[in-house]
Enquirer: 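I have a structure here, written as structure tokens, and I will follow up with some questions on it.
Letters A, B, ... are given to chains in the order of the sequence lines, protein chains preceding strands, and every chain is numbered from 1.
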Amino acid sequence: MKNFLLIFLGKLILKLSRLFNLGSGSTWPGHIAISINPNFTTDVLRKSKSKIIIIAGTNGKTTTSLLIQTILEGAGYKTLHNKSGANLENGIASTLLEGISLGGRLPFDFLLFESDENTLPNLLEQINPDYLVLLNLFRDQLDRYGELDSIAKKWKKGIYGLLEKSTLILNADDPQISFFSEDTRAKTYFFGIKSPLSGSSIAHGADSIFCPKCSSKLTFSQVFYSHLGIWSCTGCGLKRKTPQLSASSHYPLEGLHNKYNVNAASLLAKVLRIPQSSLNKSLTRFEPAFGRQEKLIVDNKSVQIYLSKNPTSLNETLSILNTHKATDVLIILNDRVPDGLDVSWIWDVNFENHLSKNTVISVSGDRLWDMSLRLKYAGFKKIISFPNLDDAIKNSLENTRPGNTLFILPNYSAMLETRKILTGKKIL
Amino acid sequence: MKHKITIGWLYPEFMNIYGDRGNILVLQKRCTWRGLKAEVKLLELGFSEKELYNCDILMMGGAQDLQQKIVSDDLLPKRKALSSIIEAGVPGLYVCGAYQFLGNYYKDADGKIIEGLKIFDLHTVNPGEKSKRLIGNLTTRISMSIDSPLTTLVGFENHGGRTYLGKKVKSLAKVLNGHGNNGEDLTEGAFYKNSIGTYMHGPILPKNPHLADYLIKCALQMKDRSAILPLLDDTVELNAHKAIAKRMGIEI
């Protein structure tokens, strides 16, 4: 009875907040539901027959979730997914409120939850997922998440508690992620990538270069990027498992990091026995999530937004910009709660190795001077700093010549702001 | 200027969690922009202590707990060499975990004492998980004279340990807004001979060019007492410095 009222109330709030355009109301109905009944999520899921898929990792969870959703729906399944980066507990509860019937039923084949790194351990206490997709662990927002080792420890505990009916889809190339297969009752599958261009040396800023089991130094015969590659331990002999899948039929997005996302989704599709033809079709018609290589046309100019939120994701974005020989670049750095308050990570990004040093780079955001300073010390000669984001976007658009693309590299809250300015709509 | 400055970077692979590479870049660039030669020497695990004697400036950053343990096993046997060059006045910058490690000891959350290098007269106590980590932007006023009209330092701190200074070291700065060494006595960092220990990262040197120049000047004057450092255009550096100070209610 209590939950019936909660569902009714939650749905009402969702409707009202949409009606008055209060940022689509994606998290606070869930927040209210949890504060009235802390077991709301568990209660609802206990009665549901839908299969649950959880996707976690520092980078790529939104894209991978959307890929999985596209593949499942392409195969004729009904899915519910916590959209708009609502990946904390209240966002997940809100998603349930949105999908549930007043009678408490969830008419979906699959529930897809992307989970924030800190939320995953709590979520695993409440929910035993049928499928858990783990992408990677990189350093990100040290002020909020703490050190990588301590997150990995918490994840390991959660994964240890999984039941036999669960299936783990793991990145073979990330030593920490791969190591989760050692201590679990769940079935495990591995994905990886293939890349002919990889070297064998670890670049600055790589994270997991020590054995997750014995702490000895790892050696890499191939490094794809950061600490992802073909690794083995010099101490205890732990080594990368051979992936069941390391190539997909089609990659709808650029960059090695997106190869991982696509391969993770493809491996899950295989495990779910989705026909290859259906999978191919879904990958071909896939459209990126907001701000993730999203293409827009604004004032007849082509714009592409690359969410770049930590050293690994910004490094990957810069190497894509290199292949495009980008000439028009706008970097926006904020330091709000969803971004992390600490921006020191920009000094771990290898700007030195990317882009011609004569590229005109515009800079804006709360921390525009920190970013301008970083670029100055990286040797860039044409840096334009804009304290006001509207000015930055307007000026960058004006200076982009017809036929060129303006590449915008924002971190999280900066991406939301940028999209709002470019499209006139709020997402969250 | 024909001098060459050798910047010794202690454990770049292990102690690099908070963008501390930025400190190295800043030292290096600010030397070369002035026509000084600057060489960065990477002092990795197992380095020979003789190499310390060839360094004109030292820098060591912070790390995760596990990495820090590996590094302390490597550095403890080289204590004498490091101590002798610090005593001789070779300038250095030791951030967060490195700063704590140069002290007398670190008492962890379980009360266990971890021996330090005993070069800085200070100790650190980790009050355990019940006490909050000290996290956030930090603005301070420099305690010593570094020959610059700018007397504030800005940075970001993120530490669980509380550091208490002994009698033989001075504090680097007084906290204007933020936590500093322990969140109690308004001190931040330590200053001993020409060495600096600090909780400020961000990293510290890019937004505090006067502190970077102080380290370079100390290094240079150990080679040539009459050497002076020409001024550089620090507009962007100062904008970044002022933006944080202003946000924390401190007008420069």
Side-chain angles (χ1 to χ4, degrees), chain A residues 139 141-153 201-212 214-218 227 310-311 333 335 340-352 363 365-380 383-385 387, chain B residues 12-14 16-30 33 44-45 61-70 95-97 129 133-137 154-160 200-207 209 212 233-244 247:
Chain A
R139 75 176 73 169
Q141 300 190 31
L142 292 160
D143 54 305
R144 174 159 142 212
Y145 295 125
E147 297 169 347
L148 208 57
D149 293 344
S150 69
I151 296 182
K153 219 185 262 174
S201 60
I202 284 279
H204 175 85
D207 299 296
S208 301
I209 53 174
F210 304 101
C211 178
C214 75
S215 305
S216 305
K217 211 173 148 184
L218 297 173
H227 61 262
N310 52 39
L333 181 68
D335 65 350
L341 311 175
D342 182 6
V343 298
S344 52
W345 61 271
I346 62 175
W347 293 86
D348 286 324
V349 176
N350 296 314
F351 287 102
E352 282 78 0
V363 181
D366 306 336
R367 290 293 199 126
L368 77 150
W369 295 115
D370 285 79
M371 185 53 88
S372 303
L373 198 50
R374 173 69 188 100
L375 295 170
K376 173 182 174 181
Y377 280 90
F380 287 92
I383 307 158
I384 320 177
S385 313
Chain B
E13 194 175 65
F14 286 76
N16 72 1
I17 191 167
Y18 292 116
D20 285 316
R21 175 171 68 157
N23 293 325
I24 297 290
L25 277 173
V26 166
L27 290 171
Q28 193 182 14
K29 293 274 177 173
R30 295 183 77 82
W33 286 339
E44 295 285 8
L45 218 55
Q64 305 196 63
D65 294 348
L66 173 69
Q67 276 90 312
Q68 207 141 313
K69 172 82 181 74
I70 298 170
V95 184
C96 206
E129 294 204 351
R133 281 181 79 83
L134 306 177
I135 302 177
N137 288 309
V154 296
F156 193 93
E157 60 182 325
N158 180 355
H159 53 109
M200 286 190 161
H201 61 90
I204 184 171
L205 295 184
K207 282 199 289 288
D233 175 2
D234 285 337
T235 315
V236 184
E237 284 82 350
L238 294 180
N239 279 338
H241 184 103
K242 285 179 192 162
I244 297 304
R247 204 200 272 203

Enquirer: Could you tell me which portion of B:Asn23 (side chain, backbone, both or neither) has an atom closer than 4.5 angstrom to a non-hydrogen atom of chain A?
Expert: neither
Enquirer: Report the option among B:Asn239, B:Val236, B:Ile244, B:Asn137 that has the most heavy-atom pairs separated by less than 4.5 Å from atoms of chain A.
Expert: B:Asn239
Enquirer: I'd like to know which of A:Val343, A:Leu148, A:Asp366, A:Ile383 tops the heavy-atom pair count under 4.5 Å against chain B.
Expert: A:Leu148
Enquirer: Please state whether the side chain, the backbone, both or neither of B:Ile70 comes within less than 4.5 Å of a heavy atom of chain A.
Expert: side chain
Enquirer: I'd like to check the side chain to side chain contact (heavy atoms under 4.5 Å, CB included) partners of A:Ile346; sequence neighbours left out, ordered by chain and number.
Expert: A:Leu333, A:Asp370, A:Met371, A:Arg374
Enquirer: Is there a side-chain contact between B:Met200 and B:Phe156 in this structure, where contact means two heavy atoms from C-beta onward sitting under 4.5 Å apart?
Expert: no
Enquirer: Taking every non-hydrogen pair under 4.5 Å, which of A:Asp149, A:Asp335, A:Leu368 racks up the most with chain B?
Expert: A:Asp149
Enquirer: A side-chain contact here means heavy atoms from C-beta on lying under 4.5 Å apart; do A:Asn350 and B:Arg21 qualify?
Expert: yes
Enquirer: Are the side chains of B:Pro206 and B:Glu237 in touch, meaning some heavy atoms are under 4.5 Å apart?
Expert: no
Enquirer: Using non-hydrogen atoms and a 4.5 Å limit, figure out which bit of B:Glu13 sits close to chain A: side chain, backbone, both or neither.
Expert: both
Enquirer: Between A:Tyr377 and chain B, which part of the residue has a heavy atom less than 4.5 Å away: side chain, backbone, both or neither?
Expert: both
Enquirer: Tell me every residue that passes side chain to side chain contact (heavy atoms under 4.5 Å, CB included) with B:Arg133, counting only those two or more places apart in sequence or in another chain.
Expert: B:Tyr18, B:Ile135, B:Asn158
Enquirer: Before you tell me yes or no, could you show the steps for B:Leu25 and A:Glu352 under side chain to side chain contact (heavy atoms under 4.5 Å, CB included), namely the whole-Å CA-CA distance, both residues' side-chain angles and the distance that decides it to 0.1 Å?
Expert: CA-CA 11 Å; B:Leu25 277 173; A:Glu352 282 78 0; 3.4 Å; yes
